[in-house]
A.B. asks: 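Pasting a structure below so you can have a look.
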Number of protein chains: 2
Amino acid sequence: MPKKNAETAGKRPTIRDVAARAGVSVPTVSRVLAGNYPVAPATRSKVLRAMRDLDYVVNAHARALAGATTKTVAFVVDDVTGPFYAYIARGVEQQAASEGRLCLLCTTHGDPERELAVVELMREQHAEAVIVVGGAWDDEHYRERMRYFATALDRSGSRLVLCGRPSPGDDVPATVVHYDNEGGAYAMASHLLSAGHRRISYMGFGEGLTTTDERIRGFKRAHADHGVEVDEALILPGSFTKSSGHELTKKLLAERDDVTAVFAATDMVAAGVLKALREAGVRVPEDMSVVGFDDIPLASDLTPALTTVHVPHEQLGREAVRLALHRGPEVDDRVVLGTHIVVRETVAPPRRR
Amino acid sequence: MPKKNAETAGKRPTIRDVAARAGVSVPTVSRVLAGNYPVAPATRSKVLRAMRDLDYVVNAHARALAGATTKTVAFVVDDVTGPFYAYIARGVEQQAASEGRLCLLCTTHGDPERELAVVELMREQHAEAVIVVGGAWDDEHYRERMRYFATALDRSGSRLVLCGRPSPGDDVPATVVHYDNEGGAYAMASHLLSAGHRRISYMGFGEGLTTTDERIRGFKRAHADHGVEVDEALILPGSFTKSSGHELTKKLLAERDDVTAVFAATDMVAAGVLKALREAGVRVPEDMSVVGFDDIPLASDLTPALTTVHVPHEQLGREAVRLALHRGPEVDDRVVLGTHIVVRETVAPPRRR
DNA sequence: ATGAAAGCGCTAACAG
DNA sequence: CTGTTAGCGCTTTCAT
């Protein structure tokens, strides 16, 4: 039986079919495909015609197998629907596309099992980079795990990128693209302190969460620099949700009357805070100042518009793929992007008591 | 020179290395990998051990080349950051994961060039399904294009899925997962009409957009059924953005004083409407009723909470991959998911004038 | 139950 | 410039 031929069989045409139809050899077709090798213009157009006639498309898998690189980066998140993640995703996708890469999307729902499965999958796929996004619990177990992921991926020729997470250690073969949580929190707390606030509640403390740790550190450092003592009882544990902000605020209002400002751990929390305040008839910013963190679109849509810390989400995503793709002695492995406060309408000096 | 061996070279171990280490043949390893063929338990565990020892992972590309299916579905959107898309994405990703599939994410930014490029890419990748999401311009050109995409993908053995878009024609080899725009709009307009509203403005009319066409049709049919004439001057063209709703409302307020309700084309538009109303001191729902469409999370967060039409975003995404993956005579090719109104706080009977 | 042999579709040295 | 010769790592017949 002769070699399978797409013109007779009902299958996808292969490079061989194209070669046959154009009357050239297979490698020649491969060369016009790759474009990085001299081919006589006449031959070239014959081949192109044949490809068109046959409606030929290369087989990405065959190509990957034969050595050419895979051209895919993976993007691993807890959940795509968070506005926080969505914008990082956009940055990742944009940069990937502009570098001619495809983007694999994987979600873990915070499940360590799935996280591991995803990493294995990416090893199978030979993804060039695996970008893991979002805060984490900063304990030894986490670092151990990331160290394992990093080396496993490294062995498979791909690169782990930790985005918005702290480095698991300097010797770990991973790229880290982080943003300045502490600096942002410091600036924001200073903003409040400078306006005269002395009793500030931090809402949404998450024990052991890297995001929290870093933000709290900035919060406290600002207090120290302003010579203001931090009231630990005002650092309220909670999750990063609107309802958490809502509950916490109701409770705070019931228990204390000396607090003049709320530093919400995230914009989402701040949204809940504002809601509770509105329900309680507390005016913002006249009676109470409120600030958030993240600068998601919601922040500017709240009433009053939220003063918050801007995190460069999209840029974070873009840098993640850029750094992973262009590695080398010239390029940094660990990067921290700046944050800055965005002043809107939720901060005013405290009222005379 | 002997065959490359991972234990000596610094490369990824292959199935051959595993075979060697386990003292069996390559096909045997392949069999324990696939699991769908009898292998002696003893041999089996020897192989498993070898794989573990070598930290072996299959090469997805080699596997795809050799015949096993690709196990990837592609998800094509305009922009990941829209809450609308994000939830469909979540559905797609969830279902894909639960069916053991990987999910490719591609964005087009509404650029036809990129859209075409993406489809070609997916042909190269042998994606099992290519899910295209979001409204479209319902003209002959669109149908032509989708027809082309569908047949091109079909020839490559993959399936085009149109999600939240109308069918380009019955003979086209594509799966269509749509939702009931007209029914939702009909129900919502009826809700307003039943409450006594007679002058309702439809804000965010998009000429030739399928989404708009379908919603307007329901809007008009409800009016007809209630014996109320539609004032065409109240159907206001605009984009699906908050600022559009904001602008349109300011203008409407300045020009007309007989309108008692606004039907916003989307929740985003409704958010802008509410903002403009608040700025103008018009109370909702006492002075003006407002409704939206989509039921994105924002809807319940607005003040007052928005009465709107629920679209089953996640389910849309899940069905899209489910139907594409399990095709057959038993399974439907064209599916329309239901919508329903969600009554919250933005509708009341019109005030006596 | 296991091994030998033959590709899947492509790229990559080599020659000419 | 172009063709020849080898694989990439895996899955399948087909034997044994």
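Owing to the predicted nature of the structure, the values given are computational and were not obtained by experimental measurement. Just so you know, these numbers use all the heavy atoms, side chains as well, and skip hydrogens, waters and symmetry mates. Numbered from 1 within each chain, the chains take letters A, B, ... in sequence-line order.
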A.B. asks: Think A:T28 has a side-chain N or O under 4.0 angstrom from the OP1 or OP2 of D:dG3?
C.D. replies: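 Answer is yes, contact under 4.0 Å.
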A.B. asks: Atom CG of B:L33 and atom P of D:dC10: how far apart are they, to the nearest Å?
C.D. replies: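 Rounded to whole Å, this separation is 8 Å.
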A.B. asks: Of the candidate nucleotides C:dT2, D:dT11, C:dG9, which contains the atom at the shortest distance from the side chain of B:A66?
C.D. replies: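 Taking heavy atoms from C-beta onward, the closest nucleotide is D:dT11.
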A.B. asks: Do B:L153 and B:V119 come close enough that some side-chain heavy atom pair is under 4.5 Å?
C.D. replies: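 SC-SC contact between B:L153 and B:V119 confirmed.
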A.B. asks: If we only count heavy atoms from C-beta on, is the B:E128 to B:T69 side-chain gap below 4.5 Å?
C.D. replies: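 Side-chain contact under 4.5 Å: yes.
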A.B. asks: Could you check how far CZ of B:R63 sits from C1' of D:dT12, rounded to whole Å?
C.D. replies: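 In whole Å, D:dT12 C1' lies 14 Å from B:R63 CZ.
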A.B. asks: Atom NZ of A:K46 to atom C1' of D:dT2: distance rounded to whole Å?
C.D. replies: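 Result: 11 Å.
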A.B. asks: Please report the distance, rounded to the nearest Å, between OH in B:Y37 and P in C:dG3.
C.D. replies: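 My rounded result for the distance is 14 Å.
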A.B. asks: Determine whether any donor atom in the side chain of B:R31 lies under 3.5 Å from an acceptor atom in the base of C:dG3, or the reverse, and answer yes or no.
C.D. replies: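 Indeed, a donor on one side and an acceptor on the other fall under 3.5 Å apart.
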A.B. asks: B:P27 has a side chain; which of C:dA5, C:dG9, D:dG3 sits nearest to it?
C.D. replies: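 Comparing C:dA5, C:dG9, D:dG3 against the side chain of B:P27, the answer is C:dA5.
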A.B. asks: Contacts to DNA chain D from residues 38-45 of chain A, heavy-atom cutoff under 4.0 Å, which residues?
C.D. replies: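 DNA chain D contact set from residues 38-45 of chain A: A:P38, A:V39, A:A40, A:T43.
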A.B. asks: Give a yes-or-no answer on whether the side chains of A:E319 and A:Q315 include a donor-acceptor pair shorter than 3.5 Å.
C.D. replies: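 No, A:Q315 and A:E319 have no side-chain donor paired with an acceptor closer than 3.5 Å.
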A.B. asks: Separation of A:E124 atom CD from D:dC10 atom C1', in whole Å?
C.D. replies: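 Spelled out: CD on A:E124 to C1' on D:dC10 is 13 Å.
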A.B. asks: Taking the side chain of A:T14 as its heavy atoms from C-beta onward, which of C:dG3, C:dC10, C:dT11 lies nearest to it?
C.D. replies: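 Within the option list, the nearest is C:dC10.
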A.B. asks: Roughly, in whole Å, what's the span from OH in B:Y56 to C1' in D:dC10?
C.D. replies: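 Rounded to whole Å, this separation is 7 Å.
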A.B. asks: Can you tell which of A:V92, A:V76, A:T175, A:V133 makes a side-chain contact (heavy atoms from CB on, under 4.5 Å) with A:C163?
C.D. replies: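 Answer to the side-chain contact (heavy atoms from CB on, under 4.5 Å) test with A:C163 among A:V92, A:V76, A:T175, A:V133: A:V133.
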A.B. asks: Out of D:dG3, D:dT11, C:dG3, which has the shortest distance to the side chain of B:S25?
C.D. replies: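 The listed nucleotide nearest to B:S25's side chain is C:dG3.
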A.B. asks: Any salt bridge linking A:E93 with A:R90? Criterion: basic side-chain nitrogen under 4.0 Å from a carboxylate oxygen.
C.D. replies: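 No salt bridge links A:E93 with A:R90.
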A.B. asks: To the nearest Å, give me how far apart NE2 (B:H61) and P (D:dG9) are.
C.D. replies: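 For the pair B:H61 NE2 and D:dG9 P, the rounded distance is 12 Å.
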A.B. asks: Going by side-chain contact (heavy atoms from CB on, under 4.5 Å), B:V132 matches just one of B:L162, B:D78, B:V161. Which one?
C.D. replies: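 Passing option: B:L162.
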A.B. asks: Across the strands shown, which category fits B:V26 at heavy-atom distances under 4.0 angstrom: base, sugar-phosphate, nothing?
C.D. replies: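 Counting heavy atoms under 4.0 Å across all strands, the contact made by B:V26 includes a base.
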A.B. asks: Reckon A:R16 has a side-chain N or O less than 4.0 Å from the OP1 or OP2 of C:dC8?
C.D. replies: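 Yes, A:R16 has a side-chain N/O under 4.0 Å of OP1/OP2 on C:dC8.
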A.B. asks: Less than 4.5 Å apart, side chain to side chain, heavy atoms only: is that true for B:M146 and B:R143?
C.D. replies: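 Side chain of B:M146 against side chain of B:R143, heavy atoms only: no contact under 4.5 Å found.
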A.B. asks: In this structure, how many angstroms lie between the P atom of C:dT11 and the CG atom of A:N59, rounded?
C.D. replies: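 After rounding, the gap between these two atoms is 10 Å.
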